[in-house]
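Structure first, commentary second.
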There are 2 protein chains.
Amino acid sequence: MATNKLRRQTPQRAVIMEELCASKAHPTAAELFAQVRRRLPRISLGTVYRNLEVLHEDGQIRKLELAGSETRFDGTTTPHYHVRCRACGCVRDLPTPLHDKLVTMPMETGGFRIDGHRLEFHGLCPSCLGETEGVSGTAHSQH
Amino acid sequence: MATNKLRRQTPQRAVIMEELCASKAHPTAAELFAQVRRRLPRISLGTVYRNLEVLHEDGQIRKLELAGSETRFDGTTTPHYHVRCRACGCVRDLPTPLHDKLVTMPMETGGFRIDGHRLEFHGLCPSCLGETEGVSGTAHSQH
DNA sequence: GTGTTTGCAAACGTTTTGCACAGGT
DNA sequence: ACCTGTGCAAAACGTTTGCAAACAC
């Protein structure tokens with residue numbers, strides 16, 4: 001169950017971690033790859049994926065698997081929720097406190113033992129809000 | 001904005017709908033394809049995908065984009081949440097009422113206009129609960 | 001007859017993997 | 001020296017798409 005693997009400290013891993021922590025945009029692996037490449041021009045996309053996986057295993061970063069899009073990564077490991085813009089797809093942090101009651105809340109679980117949840121919010125980001133003024137659309141939230 | 005397309009009633013679409021509604025397992029496109037193929041041996045996977053998309057557009061089915069897995073489909077369109085088993089990956093309905101307060105709840109949104117959310121629960125299903133008795137594991141909920 | 005829908009196969013975007021070599025310890 | 005980590009390229013995976021033929025209307 002433990003992560004018993006011996007980790008080596010490589011420049012690739014260090015730069016990936018630095019660039020991820022320097023970003024607030026929750027980049028995808030490809031975006032991070034482009035960013036890291038500016039400092040390590042010979043790095044490969046596979047290395048980025050492998051290191052993100054390792055860092056996630058070791059609990060140093062968070063993996064955001066949001067509905068219907070590529071996986072994004074977050075250098076912040078403290079728990080918080082995210083909002084996603086319906087229009088441009090950007091992702092931002094929400095300072096909303098976690099709803100741990102969601103897990104402990106008594107409910108009919110069909111025999112499941114529930115021990116976690118994933119919650120993401122959808123909406124329009126400030127800049128897309130401005131551009132969509134007056135456009136009527138059916139906001140359909142998916143649960 | 002409207003769905004103005006003229007739909008034709010094809011046996012493929014009808015059987016896909018029937019098989020989806022007959023299942024409580026929230027099948028993936030591939031699983032549904034295997035199921036439908038028993039009745040329509042010449043159907044193709046592409047047709048299954050296309051019809052699922054059409055049925056979703058027309059509001060006849062729901063698309064479940066759960067964290068870190070293929071898209072699953074639900075013949076029930078009434079809103080409800082889902083639980084996913086950490087061990088076997090199976091998905092079941094939860095009769096828990098929706099938390100619409102989550103959307104209207106006052107919170108610091110960073111300028112976003114929030115109009116929807118996605119919530120999914122994680123845990124162990126009845127049969128995996130039995131098999132993992134006594135195994136200590138760190139339950140890590142992802143938010 | 002018109003235009004949607006089908007089957008097939010190829011293409012797609014994201015992620016994973018096999019391999020030989022480089023490099024951290 | 002050992003064995004993890006790297007770069008590269010190919011493969012895997014789920015999904016979408018182009019096309020000509022089939023079929024619903």
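Small disclaimer: the values here were computed from a predicted structure and weren't measured. Lettering of chains follows the sequences in order, A, B, ..., and the numbering in each one begins at 1.
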Check the distance between D:dG14's C1' and B:Leu66's CG and give it to me in whole angstrom.
15 Å
Contact check, side chains of B:Glu120 and B:Tyr81, non-hydrogen atoms, under 4.5 Å
no
CD of B:Glu70 to CG of B:Leu64, rounded to nearest 0.5 Å, is 12.0 Å
Salt bridge (charged side-chain N to carboxylate O under 4.0 Å, His left out) contacts in which one or both residues fall within residues 25-43 of chain A, not counting sequence neighbours:
A:Glu18-A:Arg39, A:Glu19-A:Arg39, A:Glu31-A:Arg72
Nucleotide C:dT14, atom C1' - distance to CG of A:Leu52 in whole Å:
13 Å
Just the rounded figure in Å: distance from P of C:dT15 to CZ of A:Phe33.
13 Å
Tell me: CG of A:Asn51 to P of C:dT16, nearest whole Å?
13 Å
Shared-cluster residues of B:Val54, by chain and number - hydrophobic side chains joined below 4.5 Å:
none
Side chains of A:His82 and A:Asp93: any donor to acceptor distance under 3.5 Å?
yes
Once you round it to whole Å, what is the distance between P of C:dT4 and CG of B:Leu55?
17 Å
A:Leu40 CG to D:dG5 P, in whole Å, measures 16 Å
Using a 4.0 Å heavy-atom cut-off to protein, can you give one letter per nucleotide of nucleotides 15-25 of chain D, 5' to 3': B if the base is in contact, S if only the sugar-phosphate is, - if neither?
BB-B----BBS
Could you state the atom-to-atom distance from CZ of A:Arg42 to P of C:dG23 in whole Å?
10 Å
In this structure, how many angstroms lie between the C1' atom of D:dT4 and the CZ atom of A:Arg13, rounded?
8 Å
Non-hydrogen side-chain atoms of B:His80 and B:Thr76 separated by less than 4.5 Å:
yes
